[in-house]
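Beneath this line is the structure, given in structure tokens, with notes to follow.
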Amino acid sequence: MPELPEVETIRRQLEGELVGRHIDDAWAFPHAKFDQAHDAVGGTFTRLGRRGKYLIATLSGVAGRGEPDPTTPAGAGVELVVHLGMTGRLAVVEVNSLEDTPHLRASWTLDDGRILQFVDVRRFGRIAVVDAGDHRSLATLDRIGPEPFDDAFDAESLRRTVNASRRAVKTQLLAQRVVAGVGNIYADEALWLAGVHPASRRLTRADAERLRDAVREVLQAGIDHGGTTLRDYRDAHGGTGTNQHRLACYGRFGEPCRRCGTELRRTVIDARTTTFCPVCQRR
DNA sequence: CGATTTCCCTGGCCGC
DNA sequence: TGCGGCCAGGGAAATC
């Protein structure tokens, strides 16, 4: 379940390995979610970026595809966009390890002879190649909210957005609109840290400020500790993160709250398991 | 248009 | 040992 910290960890690891490399060839699992991997052939990595949970590699030397977006500058190259879904992994490997790779969904042969592999057991991931900046084919990315560490993610817009809707605050955090990159783990962590009930539909100004700070704090901690490995997540070197040892709330239902000792409870919001402290996080 | 629902996927685990 | 049932859940598409 890669969220922003996990994707950022992978981005940092792959950036130096990919920038400057030319893509000589590609293979894709025959499925609409992955077969755009072929469209990156002929490109050269010029940048490896990230928006929320989307990894965005900018490629030069590849012709644009389809109908151009009038709002996007022409000639800016294309982007190879990868979403890791639930179980996606990216890694650069030597040629001889290409064979016998279970659940391989795409691979790109680089001009140094190595191979960038995308492995995804459950196929919740997705690959797209688009004109740079043209995200119309990726609905969530097209409407994605500010990066959490950007000034545009401010307490007042968070408060207004949550209060203008009848949806639960946790739903808003997961929707990628008010802020980008938060998934189930870091949503539970941030709401616990801020003392906000996940089903709350109304934030005070003080709530919003604490929640904004908490989102930034838990995501930064996740990055600092190489991501959270609970089951499937591995970084680009096949390693695990260590942030799972620091989780205060997610998955700890039935165990005592680390602030007040009350037994953490479990509920379901948006078909997602949600853990919270009934004392620290009042509605 | 916003909100809600459905579907996609497979490995791991549990009870019998 | 085998197997059915259940769970993990982000995002896209369909529907309300």
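Every chain is numbered from 1 and lettered A, B, ... according to where its sequence line falls, protein lines coming before strand lines.
Dashed line: the shortest gap from a side-chain N or O of A:Lys53 to OP1 or OP2 of C:dG11 is under 4.0 Å. Phosphate contact (OP1/OP2 of B:dC8, side-chain N/O of A:His31, threshold under 4.0 Å): absent. Not one side-chain nitrogen or oxygen of A:Arg167 sits closer than 4.0 Å to the OP1 or OP2 atom of B:dG2. The side chain of A:Gln176 places an N or O atom within less than 4.0 Å of a non-bridging phosphate oxygen (OP1 or OP2) of C:dG11. Close to B:dC9, at under 4.0 Å from its OP1 or OP2, lies no side-chain N or O of A:Thr87. Contact annotation: A:His103 reaches the phosphate of B:dG11 (side-chain N/O to OP1 or OP2, under 4.0 Å). For the OP1/OP2 pair of B:dT10 and a distance below 4.0 Å, the side-chain nitrogens and oxygens of A:Arg123 include at least one atom meeting the criterion.
Comparing C:dG11, B:dG11, B:dA3 by their nearest atom to the side chain of A:Tyr54 picks out C:dG11. Comparing C:dG10, C:dA8, B:dA3 by their nearest atom to the side chain of A:His83 picks out C:dG10. Residue A:Ser165 places its side chain closer to B:dA3 than to any other of B:dA3, C:dA8, B:dT10. Distances from the side chain of A:Val121 to the nucleotides C:dG11, B:dC9, B:dG11 place B:dG11 closest.
Of the residues in residues 137-145 of chain A, those with a non-hydrogen atom less than 4.0 angstrom from any atom of DNA chain B are A:Arg143.
Between A:Asp270 atom CG and C:dG10 atom P there is a gap of 9 Å when expressed in whole angstrom units. If you measure from atom CZ of A:Arg177 to atom P of C:dG11, you get 14 Å, rounded to the nearest angstrom. Distance A:Asp232 CG to B:dC13 P: 11 Å, rounded to the nearest Å. Here C:dG10 presents its P atom at 18 Å from CG of A:Leu55, a figure rounded to the nearest Å. The distance between atom CD1 of A:Ile127 and atom C1' of B:dC8, rounded to the nearest whole Å, is 16 Å. Remark: P of B:dC13 and CZ of A:Arg231 are 10 Å apart, rounded to the nearest angstrom. Rounded to whole Å, atom P of B:dG2 lies 18 Å from atom CZ of A:Arg201. Following rounding to the nearest Å, A:Leu4 (CG) and C:dG10 (P) show an atom-to-atom distance of 13 Å.
A cation-pi geometry, defined here as NZ or CZ lying under 6.0 Å from the six-membered ring centre and within 45° of its normal, does not hold between A:Arg114 and A:Trp108. Relative to the six-membered ring of A:Phe29, A:Arg105 meets both conditions, a distance below 6.0 Å and an angle of at most 45° to the axis.
Under the 4.5 Å side-chain criterion, counting only non-hydrogen atoms from C-beta, A:Ile10 is in contact with A:Tyr233.
Residues A:Asp142 and A:Arg136 are not paired through a salt bridge, judged by the lack of any N-O separation under 4.0 Å between the basic side chain and the carboxylate.
Comparing A:Arg166 and A:Ala271 against DNA chain B, the residue whose closest nucleotide sits nearer the 5' end is A:Arg166.
For A:Arg160, the salt bridge (charged side-chain N to carboxylate O under 4.0 Å, His left out) partners two or more places apart in sequence, or in a different chain, are A:Glu156.
Evaluation of atom-type donor-acceptor distances gives no pair under 3.5 Å for the side chain of A:Arg126 against the base of C:dG11.
Note on residues 260-283 of chain A: no pairs pass salt bridge (Lys or Arg N to Asp or Glu O under 4.0 Å), not counting sequence neighbours.
The nearest pair of heavy atoms linking A:Gly241 to A:Thr229 is N-OG1, 2.8 Å.
The residue A:Tyr250 sits close only to the backbone: its heavy atoms come under 4.0 Å of sugar-phosphate atoms, none of a base.
Checked options A:Asp111, A:Thr44, A:Thr109; the residue passing with A:Arg21 is A:Asp111 (criterion: side chain to side chain donor-acceptor pair (under 3.5 Å)).
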